[in-house]
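Just so it is clear, the model here is predicted, and its values are computed rather than measured.
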Amino acid sequence: MIPQKPTNEPGNETLNAADPAIPSQRSEAAFLTIPLISEQLQVGKQVVETGRVTLTKTVQQHEQAVQIPLLQEEIVVERVIVDQLVDAAPAVRQEGDTTIYPVLKEEIVVLKRLRLVEEIRITRRQSEITDTQTVSLREEAITIERTALPSTERPG
């Protein structure tokens, strides 16, 4: 409460001995002062803790079997006897998955000529097999636990 000083404004009136409307026979002790009161409001806010939260992170690990296709290659070598006379050396050739390498031998005769003695055939075969291996997988999980504060800790 803040007392206001009297003024001669309307609404702020005090009895004054020098005022011509008031008879002059009154002494200073006869003055009447009326205080004016003015209220003021201040609004504020504050942070209040109402509870707490606890987070727990766990990692779970489990084994899982995985089937993985693997490529396996096998090479088969076979010898094929040809025993033919040829005029020139045959070139290496491909028949499907088989590569044929000619094997030559020179013979001494009155006349020199080439005889195809054998061929070496190399065949590539591919097959797919399934292999099972165990791998380790991890998985995370989070649990949330809320703890409320008792009402006595909360400011009112």
Trainee: Enter the distance from L149:CG to T50:OG1 here, rounded to the nearest 0.5 Å.
Mentor: 6.5 Å
Trainee: Might you point out which heavy atoms bring P90 and P102 nearest each other, and give the distance in Å?
Mentor: O-CG, 3.1 Å
Trainee: Just jot down the salt bridge (charged side-chain N to carboxylate O under 4.0 Å, His left out) partners of E39, sequence neighbours excluded, or say none.
Mentor: none
Trainee: Who passes side-chain hydrogen bond (donor to acceptor under 3.5 Å, both in side chains) against D83, sequence neighbours left out?
Mentor: R115
Trainee: Indicate yes or no: at least one non-hydrogen side-chain atom of I100 is less than 4.5 angstrom from one of V92.
Mentor: no
Trainee: Please lay out, stage by stage, how T99 and Q94 fare under the test side-chain hydrogen bond (donor to acceptor under 3.5 Å, both in side chains).
Mentor: CA-CA 4 Å; T99 305; Q94 188 78 30; 2.7 Å; yes
Trainee: Between R93 and E119 (salt bridge meaning N to carboxylate O under 4.0 Å), is one present in this structure?
Mentor: yes
Trainee: Starting at CD of Q126, measure out to CD of Q72 and round the result to the nearest 0.5 Å.
Mentor: 10.5 Å
Trainee: Can you tell if the side chain of V80 reaches within under 4.5 Å of the side chain of E118, non-hydrogen atoms only?
Mentor: no
Trainee: Side chains of E128 and L70: does their closest heavy-atom pair fall under 4.5 Å?
Mentor: no
Trainee: I'd like to check the side-chain contact (heavy atoms from CB on, under 4.5 Å) partners of R125; sequence neighbours left out, ordered by chain and number.
Mentor: V76, T123
Trainee: In Å, rounded to the nearest 0.5 Å, how long is the span from CD1 of I122 to OG1 of T98?
Mentor: 10.0 Å
Trainee: In this structure, are over 12 heavy atoms from other groups packed under 6.0 Å from R79 atom CZ?
Mentor: no
Trainee: What's the separation between atom CD1 in I75 and atom CG in D97, rounded to the nearest 0.5 Å?
Mentor: 11.5 Å
Trainee: I'd like a table of donor-acceptor pairs (distance under 3.5 Å, sequence neighbours excluded) in which one partner is a side-chain atom from residues 131-144, with atom names and distances.
Mentor:
| residue | atom | partner | partner atom | Å |
| --- | --- | --- | --- | --- |
| D131 | OD2 | Q133 | NE2 | 3.1 |
| S136 | OG | Q61 | NE2 | 2.5 |
| E140 | OE2 | K57 | NZ | 3.1 |

Trainee: Is there a path of hydrophobic side-chain contacts, each under 4.5 Å between heavy atoms of I/L/V/M/F/W/Y residues, joining V82 to L104?
Mentor: yes
Trainee: Does atom CD of E63 have more than 12 heavy-atom neighbours from other groups under 6.0 Å away?
Mentor: yes
Trainee: Do V59 and L55 sit in the same hydrophobic cluster, where Ile, Leu, Val, Met, Phe, Trp and Tyr count as joined when their side-chain heavy atoms come under 4.5 Å apart?
Mentor: no
Trainee: Report the C-alpha distance between E106 and L114 in whole Å, list the side-chain angles of each, state the deciding distance to 0.1 Å, and finish with yes or no for side-chain contact (heavy atoms from CB on, under 4.5 Å).
Mentor: CA-CA 6 Å; E106 286 184 340; L114 294 175; 4.3 Å; yes
Trainee: Report the residues that fulfil side-chain hydrogen bond (donor to acceptor under 3.5 Å, both in side chains) with T147, sequence neighbours left out, ordered by chain and then residue number.
Mentor: none
Trainee: Can you name the side-chain hydrogen bond (donor to acceptor under 3.5 Å, both in side chains) partners of E78, sequence neighbours left out?
Mentor: none
